[in-house]
Amino acid sequence: MAVGSNLVTIPARQGKALHLKKGQFIRVINTHGSQVVDTWAFKQDDLNELMSMEHTRSAILCLLPKVGDVLVTNKRRPILTLVEDTSPGVHDTCMSACDIYRYRGLGVEGHHDSCTDNLFKGMKGIGLVPPECPAPFNLWMNVPMTSAQDGGKLHFAPPVSKAGDYVTMRAEMDCVMCFSACPQDMLPINGTLAKALLDPSERATIYDAHYEVLPESAFPADLFPVPKSKYFLQG
């Protein structure tokens, strides 16, 4: 894995936010291989315009973004382009961020870290307040779906990524990004089929992840130009 020396830790169970300029790249690294990273992006000068999974699905006509695909905002404008993915490409665009209500439903009493809280805490760390918790781009989250004949049922499975896999995205506008090293330790999404529902002492292991910001010069200028499309605007 070719990475630089400016790695930033996304602490296990916590969130981290940053500013990203148009044309810069951000590489998100699944350091231990089994960690889901919830990912959000907001237009820097208008946080109400934000990366939208429902708008992205209708723009790329696919559930799983692949290299070369554009991720768009709720105003149907490109905000990120996926330019590298060393993993098998299994991510999720359907599931909402976990929250305290999710954990209460799983039987948790009292506090449990959540991606929703991590978004707000991460943004607070750079002096910002998100207008809401939109559905994230869930890097490495594996949510298989059955056939249409079976009703298109969803279920949770461990990631198929390996240690050191990374995803690189290019900013198509000045934006604010936030990441959460998902603290879901009661379902198998973070690599281990947790037994917590049967034995409260059992939990899946949650790991750190990392990211680094790369300059415009890190990739060729003509790499994956934003395509013309009737499904989203051109900036």
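In this structure, Leu187 is a member of the same hydrophobic cluster as Leu154, with clusters built from ILVMFWY side-chain heavy atoms closer than 4.5 Å. In the hydrophobic clustering of this structure, Ile60 does not group with Met51; members are Ile, Leu, Val, Met, Phe, Trp, Tyr whose side-chain heavy atoms approach within less than 4.5 Å, directly or through other members. Leu63 and Met141 end up in the same hydrophobic cluster when Ile, Leu, Val, Met, Phe, Trp and Tyr side chains are linked at under 4.5 Å. Following chains of ILVMFWY side-chain contacts shorter than 4.5 Å, one cannot reach Ile79 starting from Leu50, and the two form parts of different hydrophobic clusters. Criterion: ILVMFWY side-chain heavy atoms under 4.5 Å apart, direct or through other members. Under it, Phe156 and Tyr207 are not part of a common hydrophobic cluster.
Here the CZ atom belonging to Arg27 is positioned 5.0 Å from the CG atom belonging to Leu214, to the nearest 0.5 angstrom. The distance from the CG atom of Leu71 to the CZ atom of Arg57 is 12.0 Å, given to the nearest 0.5 Å. A distance of 11.5 Å separates OG1 in Thr168 from CG in Leu80, rounded to the nearest 0.5 Å. Atoms NE2 and CZ, from His55 and Arg76 in turn, are 4.5 Å apart once rounded to the nearest 0.5 Å. Considering NE2 of His111 and CD1 of Ile100, their distance stands at 7.0 Å, rounded to 0.5 Å.
When every heavy atom of Pro65 is checked against every heavy atom of Asp69, the shortest pair comes out as CA-OD2, 3.6 Å. Here the closest heavy-atom approach between residue Glu216 and residue Gly23 is recorded as CG-O, 3.1 Å. Annotation for Pro78 and Val226: closest pair CG-CG1, 3.8 Å, computed over non-hydrogen atoms.
Proximity of a side-chain donor or acceptor of Asp208 to a complementary backbone N or O of Ala12 within less than 3.5 Å is detected. Proximity of a side-chain donor or acceptor of Ser87 to a complementary backbone N or O of Ser161 within less than 3.5 Å is not detected. At least one donor-acceptor pair closer than 3.5 Å links the side chain of Asp92 to the backbone N or O of Met95. With Thr116 contributing its side chain and Cys98 its backbone, the two residues share a donor-acceptor pair below 3.5 Å. When atom types are taken as modelled, the side chain of His210 and the backbone of Thr9 share no donor-acceptor pair closer than 3.5 angstrom. Judged purely by atom type and a 3.5 angstrom limit, Asn74 uses its side chain to pair as donor or acceptor with the backbone of Asn48.
Looking at Pro130 and Trp40, their side chains never come closer than 4.5 Å, going by heavy atoms from C-beta outward. Counting only heavy atoms from C-beta outward, the side chains of Thr205 and His32 never approach each other to under 4.5 Å. Annotation: side chain of Val37 is not in contact with side chain of Asn30 (no heavy-atom distance under 4.5 Å). With contacts defined as side-chain heavy-atom distances shorter than 4.5 Å, the pair Pro136/Leu119 does not qualify. Looking at Val143 and Cys94, their side chains never come closer than 4.5 Å, going by heavy atoms from C-beta outward. Residues Cys182 and Asp38 meet the side-chain proximity criterion, which asks for heavy atoms closer than 4.5 Å. The closest side-chain heavy-atom distance from Val213 to Phe25 is not below 4.5 Å. Within the 4.5 Å cutoff, the side chain of Thr93 has no heavy atoms near those of the Thr56 side chain.
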Step-by-step side-chain contact (heavy atoms from CB on, under 4.5 Å) determination, Phe179 to Ile26: CA-CA 12 Å; Phe179 302 104; Ile26 188 155; 3.6 Å; yes

Under the side-chain contact (heavy atoms from CB on, under 4.5 Å) criterion, do Val36 and Gln184 qualify, and how do the steps go? CA-CA 9 Å; Val36 168; Gln184 174 57 270; over 6 Å; no

Could you walk me through whether Val167 and Leu82 pass the side-chain contact (heavy atoms from CB on, under 4.5 Å) test, one step at a time? CA-CA 7 Å; Val167 166; Leu82 182 59; 3.1 Å; yes

Salt bridge (Lys or Arg N to Asp or Glu O under 4.0 Å) between Arg102 and Asp99, intermediate numbers included: CA-CA 5 Å; Arg102 175 62 160 154; Asp99 52 37; over 6 Å; no

Derivation of the side-chain contact (heavy atoms from CB on, under 4.5 Å) call for Tyr211 and Leu18: CA-CA 10 Å; Tyr211 73 79; Leu18 73 151; 3.8 Å; yes

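A side-chain N or O of Thr86 and one of Asp165 form a donor-acceptor pair less than 3.5 Å apart.
Sorted by first and then second residue, the side-chain hydrogen bond (donor to acceptor under 3.5 Å, both in side chains) pairs involving residues 118-135 (not counting sequence neighbours) are Asn118-Ser180.
Using the six-membered ring where Trp is involved, His112 and Tyr103 have ring planes that are parallel, under 30° apart on the 30 and 60° scheme.
Judged as a salt bridge (Lys or Arg N to Asp or Glu O under 4.0 Å), and not counting sequence neighbours, the contacts of Asp113 are Arg13.
The side chain to side chain donor-acceptor pair (under 3.5 Å) test with His91 singles out one residue from Thr39, Asp85, Asn138, and that residue is Asp85.
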Side-chain atoms of residues 169-177: list all donor-acceptor pairs with protein atoms under 3.5 Å, sequence neighbours left out, distances to 0.1 Å.
from	atom 1	to	atom 2	distance (Å)
Arg170	NE	Glu172	OE2	2.8
Arg170	NH1	Leu223	O	2.5
Arg170	NH2	Glu172	OE2	2.9
Arg170	NH2	Phe224	O	2.5
Glu172	OE2	Thr81	OG1	2.6
Asp174	OD1	Lys22	N	2.8

